[in-house]
There are 2 protein chains.
Amino acid sequence: MKHNIDELGWPSLIDVQPAAGLIPISLRKQAERLDALAHETLFRTGDPVRYVYLVISGEARLVRLARNGSEAILQRSRGGFIAEASLDSRSYHCDAITTEPTTILLVPAATFRAALEEDPMFRRAWQSQLAKEVRKLRAQCERLSLNKAADRINHYIESEGVNGVLTLYQSRMSWAAELGLTHESLYRTLRRMQDDGVLDVDGARLVTKS
Amino acid sequence: MKHNIDELGWPSLIDVQPAAGLIPISLRKQAERLDALAHETLFRTGDPVRYVYLVISGEARLVRLARNGSEAILQRSRGGFIAEASLDSRSYHCDAITTEPTTILLVPAATFRAALEEDPMFRRAWQSQLAKEVRKLRAQCERLSLNKAADRINHYIESEGVNGVLTLYQSRMSWAAELGLTHESLYRTLRRMQDDGVLDVDGARLVTKS
DNA sequence: CGTACTTTTGAATCGCATCAAATCTGGTGG
DNA sequence: CCACCAGATTTGATGCGATTCAAAAGTACG
């Protein structure tokens, strides 16, 4: 179900989601709100690009299905844009799904492009956002080119956590997929790292100790 | 050695390198040309961002050295920008090197940023460039999360080649590193794929036959 | 309470990394 | 021109580590 965001009754978007603060007021007025359940499809490969999607709460993912049926996670967004790089494409080249109940802000793509032309602050923020995504993806590539599970885990904690401490906002199964590992492999490696005393695991809190 | 690009005696940059055509004339006048040998360092981790680097000919790479001494290739540019995403950073978080004699256009970062503010065409081209880089990196991540060498090779040919045909512009050793494989593994897999009749290898020309 | 999913452990297998070494290649200097 | 060298290419043998298949136990939720 879509709502006009003026119906919100939320605190200001800025409080809820920093990225939303970057969107000019004029743009927010034209945005709609979408409350999606878990495992809903936002768009599919080949769909025309109609909206810019901003995840307010919950989680959305870009996925692509390989021939053998395995699923690659191309992006995982919890608060922030999803499929930013499609803004200058006609259509999508992957699918977007939710993994849990998720609230999304839909900004019409044409309106969004116009705002980029007119609002210098917004434009800088957008460029900065794209650059940040590039750096994040480079880190991900670097991580995936490590071929030991423990190395990938450490790399993830170093680059996504703060000072060797990481709070995980996803199940280990999903994390395993993001790390390019099977879940069995991840579980076993986490266990071994604990036994070896190089990692401290307390629920979703992971601390490197080396 | 750096030259003012007016000393060029080149054909127009547009003919040499399409990406350069996106740079406004005013900006080109302030750019310098750098002729680097193979294995030169353009900048190191921590260096302040002074220039935007545009590779005119040859090859530049972003690399990061892991603790164990192995080297991860974060970007490989043959004609086009390198480290685009650093434009909004103070300093670099990886190293840039050349792998062969390379000619580079150095545009002062401040000048570049000013041009982005003032020239709408240029700005759109830049955003499009960043978006393209994002898509390319997503493809790279998807590829690295395949765990069979043959799958990565096929994926590379599909996404970097045209209609299942790819011309390789680097040694197989470098390609192996980009694919996240050892060179031995790559050689053996290429051989096996040929023997199995799913791939045709003729020097730098690779054709999938399945 | 039952169902779906996650977490966990086990055993067997396969593929890649690793180490080693030979051959081939292009470029340099004598 | 040839000897030489550095790097790329190629083949071989071995071991490790991740995948795979299987299954049990734990957990959240209606």
Side-chain angles (χ1 to χ4, degrees), chain A residues 37-39 58-59 61 66 68-73 97-101 143-156 168-196 198-199 201-206, chain B residues 37-39 58-59 61 66-73 76 97-101 143-156 168-196 198-199 201-206:
Chain A
L37 300 175
H39 312 294
E59 179 177 300
R61 289 186 187 175
N68 58 5
S70 71
E71 171 184 292
I73 301 176
I97 56 168
T98 59
T99 56
E100 57 185 272
R143 186 180 309 130
L144 288 173
S145 64
L146 302 172
N147 35 29
K148 293 222 177 62
D151 291 343
R152 292 194 196 170
I153 290 168
N154 279 326
H155 186 288
Y156 193 94
L168 208 60
Y169 293 106
Q170 63 182 325
S171 74
R172 293 178 191 207
M173 287 206 93
S174 323
W175 191 30
E178 193 176 350
L179 290 173
L181 300 169
T182 58
H183 61 278
E184 296 97 325
S185 210
L186 176 58
Y187 286 124
R188 278 191 256 260
T189 307
L190 284 176
R191 162 60 61 103
R192 197 173 334 112
M193 290 172 81
Q194 283 184 83
D195 293 348
D196 294 350
V198 297
L199 183 69
V201 181
D202 173 24
R205 184 184 160 86
L206 306 173
Chain B
L37 300 176
H39 312 295
E59 179 177 301
R61 288 187 189 173
R67 248 156 285 210
N68 59 5
S70 71
E71 169 183 293
I73 301 175
R76 191 175 67 91
I97 56 168
T98 59
T99 56
E100 58 185 273
R143 185 180 311 131
L144 289 172
S145 63
L146 302 172
N147 35 28
K148 293 223 176 66
D151 291 344
R152 292 194 196 168
I153 290 168
N154 279 326
H155 187 286
Y156 193 94
L168 207 59
Y169 292 107
Q170 62 183 327
S171 73
R172 293 178 192 206
M173 287 205 93
S174 325
W175 191 30
E178 192 176 351
L179 290 171
L181 300 169
T182 58
H183 62 277
E184 296 97 324
S185 210
L186 176 58
Y187 287 125
R188 278 190 256 260
T189 307
L190 284 175
R191 161 62 60 102
R192 196 172 337 109
M193 289 172 80
Q194 282 185 83
D195 292 349
D196 294 350
V198 298
L199 182 69
V201 181
D202 174 23
R205 185 185 160 84
L206 306 173

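In the text below, chain A, chain B and the rest are named by the order of the sequence lines, each starting its count at 1.
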Taking 4.0 Å as the cut-off, does a side-chain nitrogen or oxygen of B:R191 come that near to OP1 or OP2 on D:dT11? yes
With a 4.5 Å limit on heavy-atom distance, are the side chains of A:W175 and A:I153 in contact? yes
On DNA chain C, check which nucleotide each of A:S174 and B:L181 is closest to and give me the residue with the more 5' one. A:S174
With heavy atoms under 4.0 Å as the rule, sort B:T182 into base, sugar-phosphate or nothing. base
Counting side-chain heavy atoms from CB outward, which of C:dT6, D:dA22, D:dA18 is closest to A:E184? D:dA22
Minimum heavy-atom distance A:I73-A:S174, with the two atoms named: CD1-O, 4.3 Å
Separation of atom CG in B:L190 from atom P in D:dT11, rounded to whole Å: 11 Å
Distance in angstrom units between A:M173 CE and D:dA28 P, rounded: 16 Å
Minimum-distance nucleotide (side-chain atoms of B:H183 versus C:dA17, C:dT6, D:dT9): D:dT9
Residue A:S171, side-chain heavy atoms: nucleotide from D:dT9, C:dT7, C:dA17 that is nearest: C:dT7
Atom CG of A:L190 and atom CE of A:M193: how far apart are they, to the nearest 0.5 Å? 7.0 Å
Between CG of B:L186 and P of C:dT18 the distance, given in whole Å, is 15 Å
Roughly how many Å is it from CH2 in B:W175 to C1' in D:dG7, rounded to a whole number? 20 Å
By the definition salt bridge (Lys or Arg N to Asp or Glu O under 4.0 Å), identify the one residue from B:R143, B:R76, B:R152 that meets it with B:E178. B:R76
Figure out the NZ/C1' separation between A:K148 and C:dG15, and round it to whole Å. 15 Å
For atom CD of A:E100 and atom P of D:dA28, their distance in whole Å: 16 Å
Indicate the atoms forming the closest heavy-atom contact of B:L181 with B:A149, along with that distance. CD1-CB, 3.8 Å
Do A:Y156 and A:L168 come close enough that some side-chain heavy atom pair is under 4.5 Å? yes
Please state how far atom CZ in B:R172 lies from atom P in D:dT11, giving the value in whole angstrom units. 12 Å
Mind calculating the distance between CZ (A:R152) and P (C:dA17) to the nearest angstrom? 11 Å
Terminal axes of the helix from C:dC1-D:dG30 to C:dG30-D:dC1 (five pairs each): angle between them, nearest 10 degrees: 50°
Ignoring backbone atoms, establish whether B:Y187 has a side-chain N or O less than 4.0 Å from OP1 or OP2 of D:dT10. no
Nearest to the A:R188 side chain among C:dA20, D:dA18, C:dT9, which nucleotide is it? C:dT9
Candidates D:dT19, C:dC16, C:dT8 - which lies nearest the side chain of B:S185: C:dC16
Do the side chain of B:T98 and the main chain of B:L37 share a donor and acceptor less than 3.5 angstrom apart? yes
